[in-house]
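Notes for the one structure printed next.
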Amino acid sequence: MKKILPPDVTDKQFDRVLAAFREVVGDNWVFAEETAELISYRDPYAIVDEAHFRPSASIAPDGVDEIQAILKIANDFNIPLWPVSCGKNLAYGGAAPRLPGSVVLDLKRMNRVLEVNEKFGYALVEPGVSFYDLYNYIQARGIKLWLDVPDPGWGSVVGTTLERGAGYTPYGDHFMRQCGMEVVLADGDVVRTGMGSMPGNNTWQLFKYGFGPYHDGIFTQSNYGVVTKLGVWLMPEPPGYRPYMITLQRDEDIEQAVEVIRPLKVNLVIQNAATIRDLHLVASLNTSRTEYYDGDGPLPDSVRRKIMADQDIGAWNFYSALYGPPKIMDTHLEIIRDSFAQIPGARFFFPEDRKDKNDVLHHRAKTMAGIPTLTEFGLVNWVGGGGHIDFSPVSPTTGEDAIRQFNMVKQRAHEHGFDYMGVFIVGWREMHHIYTLAFDKNDPEKKQRAYRLFDILIREAAAAGYGEYRTHLAFMDQIAATYNWNDNSLARLNNKLKDALDPNGILAPGKQGIWPKHLRDKR
């Protein structure tokens, strides 16, 4: 494959850059040849040409001093850098850069758990710390704190928080539970946000806001700095825990279910970030599509009914948990049971009711207790080829919006020959609707169909008032363009911040549709 370079950089200049990088981090931590190390930074589920989002090299520093030195070189030579923490966000592009030819700034070596405070319930970590790393650290020391983990749990605590990801305990909104950052700006200046900006302060991980403007949010889903330390609040181990599952028999039951869930959630009867998962998504963790059907197009209803019977699951499946003293759990359980009894055919299960240890409820029981797993990757076996990307619009927690989004996405998916595989993650007043578009990454025609489908979904969701909260590299510009109120005033603000904080445009060009000035007019 032809060698790729950063834009407007010659071979000779790039050789000088690589030599300078090696002086900073050593030969072993600069990858510039087409070896397995560099190939691992490509998009694993590329929906466009596999070579498109391809880095020219990667560099793995170990510490703030090395990051500052790398930034100086990048500014001197106009080298675009693409920072990643662990690079495991595979359904959104993995570690691949938005701008082809960028150098991946891989922070995996900065993997230290700097502090875990059991009394106040927080951790301070570097970007290379995975959920497994932090979980193992806590377990090895017998600390009575729970993590909040996403699906799957091998990604970075910092990276997931900066992407405003979600987990499934009562601490499910990761950015809400973040407290205090250390950030290296593009010019090498190091900033600590909140109380951390006061020397010797002892509440950096206890009080978010400090004095003056609150800056942490501008470093999430952005390209304004490199976050090198992050505080996260952890949940005290509860005195009791009971995960459960409720199956719903018809697709249309999701409308009534969301109306039942909303008041329970905002009144803290449902305590965690619960999920409503459709038949295909649940079934995909334990079986493949071809075991039931080898034809083209979406699964026929007769096949869906057989899967429901074989796995004893519903068309929709609600997973949640009870936390706290037994008497409080019993009270909440009675209210929840009575509420869901309004839905004809709803069935209630605890893990002990599901004898098969591979049952999804047993997997969700771990996740809702903050135990990281990789079980969710079973979905890649649903169709041959293993590719998938996620379409992620946000909606109000109303039954009308749930059924509207479901029908809108399902109809278009079926028209393009794909199954609907989706989940609604129930937040405080909103739902993250994540449609997993599974396709054969080795089949160019299916990839093209998947791309066309995704393009249509973005446009139709925006027309209906639904915006995506994050997306794959290939669609960042398109989704950013849907946030265009007042003649794109948000984009103008983003550009002003970019030009002020990173005038040479070296940090993550194109991330979330934010481009530096010298590339902006070319997009």
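Since the structure is predicted, the reported quantities are computational estimates derived from the model, not experimental observations.
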I'd like to know if [X] and [Y] make a salt bridge, using a cut-off of under 4.0 Å between side-chain N and carboxylate O.
| X | Y | answer |
| --- | --- | --- |
| E376 | R277 | yes |
| D312 | R347 | yes |
| K496 | D499 | no |
| D148 | R177 | no |
| K511 | E163 | yes |
| D278 | K410 | no |

Step-by-step side chain to side chain contact (heavy atoms under 4.5 Å, CB included) determination, V129 to V158
CA-CA 8 Å; V129 174; V158 173; over 6 Å; no
Apply side chain to side chain contact (heavy atoms under 4.5 Å, CB included) to L457 and Y466, showing your working.
CA-CA 10 Å; L457 291 176; Y466 302 120; over 6 Å; no
For [X] and [Y], I'd like to know if the aromatic rings sit close, meaning centre-to-centre distance below 6.0 Å.
| X | Y | answer |
| --- | --- | --- |
| Y92 | H472 | no |
| F439 | Y451 | no |
| F391 | F475 | no |

Would you name the heavy atoms of [X] and [Y] that are closest together and state the gap between them?
| X | Y | value |
| --- | --- | --- |
| K498 | D502 | NZ-OD2, 2.6 Å |
| Y135 | P372 | CG-CD, 3.6 Å |
| L38 | S58 | CD1-N, 3.9 Å |
| Y435 | A413 | OH-CB, 3.4 Å |
| L379 | S284 | CB-OG, 3.4 Å |
| T482 | I479 | OG1-O, 2.6 Å |

Side chains of [X] and [Y]: donor-acceptor distance under 3.5 Å anywhere?
| X | Y | result |
| --- | --- | --- |
| N272 | Y171 | no |
| Q512 | N223 | no |
| E37 | T35 | yes |
| W515 | D477 | yes |
| Q221 | R164 | yes |
| Y483 | N488 | no |
| S288 | N381 | no |
| D390 | T436 | yes |

Could you go through the side chain to side chain contact (heavy atoms under 4.5 Å, CB included) check for F418 and L453 one step at a time?
CA-CA 9 Å; F418 296 100; L453 169 58; 3.8 Å; yes
With a 4.5 Å cut-off on side-chain heavy atoms, are [Y] and [X] touching?
| X | Y | answer |
| --- | --- | --- |
| L105 | V84 | no |
| T220 | Q178 | no |
| T169 | M368 | no |
| F131 | P150 | yes |
| L333 | R337 | yes |
| S395 | M431 | yes |

Main-chain N/O of [Y] paired to [X] side chain as donor or acceptor, under 3.5 Å:
| X | Y | answer |
| --- | --- | --- |
| Q311 | N286 | no |
| Y224 | N494 | yes |
| S56 | G101 | yes |
| D173 | M176 | yes |
| S392 | E468 | no |
| D133 | S130 | yes |
| Q256 | D253 | no |
| R449 | H416 | yes |
| W382 | L281 | no |
| K447 | V48 | yes |

Pairs involving residues 241-264, ordered by first then second residue, that meet ring pair (Phe, Tyr, Trp, His ring centres under 6.0 Å) (sequence neighbours left out):
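Output for this query lists W146-Y241, Y241-Y323, Y244-F348.
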Atom [atom1] of residue position [X] - does it have more than 12 heavy atoms of other residues, nucleotides or ligands inside 6.0 Å?
| X | atom1 | value |
| --- | --- | --- |
| D294 | CG | no |
| E415 | CD | yes |
| N486 | CG | yes |

Nearest-0.5 Å distance, [atom1] of residue [X] to [atom2] of residue [Y]:
| X | Y | atom1 | atom2 | answer |
| --- | --- | --- | --- | --- |
| I254 | H433 | CD1 | NE2 | 7.0 Å |
| H174 | L230 | NE2 | CG | 11.5 Å |
| M181 | T161 | CE | OG1 | 8.0 Å |
| S222 | L497 | OG | CG | 9.0 Å |
| F454 | L437 | CZ | CG | 7.5 Å |
| F349 | I246 | CZ | CD1 | 10.5 Å |

For D216 and K208, what are the C-alpha separation, side-chain angles and deciding distance, and is it a salt bridge (Lys or Arg N to Asp or Glu O under 4.0 Å)?
CA-CA 9 Å; D216 298 50; K208 285 173 170 282; over 6 Å; no
Does the Lys NZ or Arg CZ of K265 fall within the cation-pi geometry relative to W428 - under 6.0 Å from the ring centre and within 45° of the axis?
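Cation-pi check for K265 and W428: passes.
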Can you list the steps and then say if V360 with Y319 is a side chain to side chain contact (heavy atoms under 4.5 Å, CB included)?
CA-CA 9 Å; V360 175; Y319 295 92; 3.6 Å; yes
Going by the angle between their ring planes, with limits at 30° and 60°, are F31 and Y41 parallel, tilted or perpendicular?
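Ring orientation of F31 relative to Y41: tilted.
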Only one of T275, V423, I425 forms a side chain to side chain contact (heavy atoms under 4.5 Å, CB included) with H432, so which one is it?
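Checked T275, V423, I425 against H432; only one passes side chain to side chain contact (heavy atoms under 4.5 Å, CB included): I425.
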Yes or no on ring-ring contact (aromatic ring centres under 6.0 Å, His included) for W154 and F377, after CA distance, side-chain angles and deciding distance?
CA-CA 11 Å; W154 66 343; F377 271 119; 5.1 Å; yes
